[in-house]
Structure formats: structure tokens, C-alpha cells
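Encoded as C-alpha cells, the structure appears first; notes follow it.
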Amino acid sequence: MSGLSALIRLSRPVNLIIMALTMYALRFLVMLPLLRKSGLGIHFQLSEGLFVISCLVLLALGAAGNIITDYFDRKVDAINKPAKLIVG
């Protein structure tokens, strides 16, 4: 397995996609209707560009957390899931 594909598997891309969808769903399906419904003229503090950057930062933190967890759990994973080890 090449280094890049192992890194992608370690970051758990499906979890990261779920994180991104959750952040966008909260912004546009929960918060935006509430702000419009209030009628007070309140707007988001973050512009769309800053929201995208903050999402990317949070996704990078999530990926780093997944990688660190896999690294420190490798002894347990060697016992429980020996065929699925990524970190050797």
C-alpha cells in the first residue's frame, strides 16, 4: 500500500464527509431558517469564505485525531483486527 493511500485510509474520509455535511446542514438547514424566521435582521457573523475555511480547519483536526488514535491503538488493533492494520 502506498503512503498516500494509507494516509487517506487513516484519516477516515467517510467520517470527514459526515462531519462536513453536518456543519453545512446546521448552518443552512437549522441556523439560516431560524435567523430568517426571527425577523430581526440578524445575519451570520462568518462570511461564506470564512465558514469554508473554518470547516477545512475542523476537518484537518478531525483527520489528525483519527490518525493519532490509530497510531496509539495499534497494539489493541493487532489483537482485535489483525487483517485491517494500517499502521505497522
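Computed from a predicted structure; not experimentally measured. Start at 1 with the first residue, then count along the sequence.
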Rounded to the nearest 0.5 Å, what separates atom [atom1] in [X] from atom [atom2] in [Y]?
X     : Y     : atom1 : atom2 : answer
Leu58 : Thr22 : CG    : OG1   : 12.0 Å
Leu21 : Leu29 : CG    : CG    : 10.5 Å
Asn66 : Leu10 : CG    : CG    : 9.0 Å

Taking a hydrophobic cluster as the set of Ile, Leu, Val, Met, Phe, Trp and Tyr residues connected by side-chain heavy atoms closer than 4.5 Å, whether directly or through intermediates, do [X] and [Y] fall within one such cluster?
X     : Y     : value
Met19 : Val57 : yes
Leu7  : Leu16 : no
Met31 : Ile42 : yes
Leu35 : Met23 : yes

Next on the checklist: Strictly by side chain to side chain donor-acceptor pair (under 3.5 Å), give each pair with a member in residues 33-52 just once, sequence neighbours left out.
Outcome noted: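 Sorted result for residues 33-52: empty, none.
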Could you tell me if the side chain of [Y] sits less than 4.5 Å from the side chain of [X], heavy atoms only?
X     : Y     : result
Phe44 : Leu32 : yes
Leu56 : Phe51 : no
Tyr24 : Cys55 : yes
Ile67 : Arg12 : no

Item to check | Non-neighbouring partners of Val30 that pass side chain to side chain contact (heavy atoms under 4.5 Å, CB included), sequence neighbours left out | outcome: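 Side chain to side chain contact (heavy atoms under 4.5 Å, CB included) list for Val30, sorted by chain: Leu26, Leu34.
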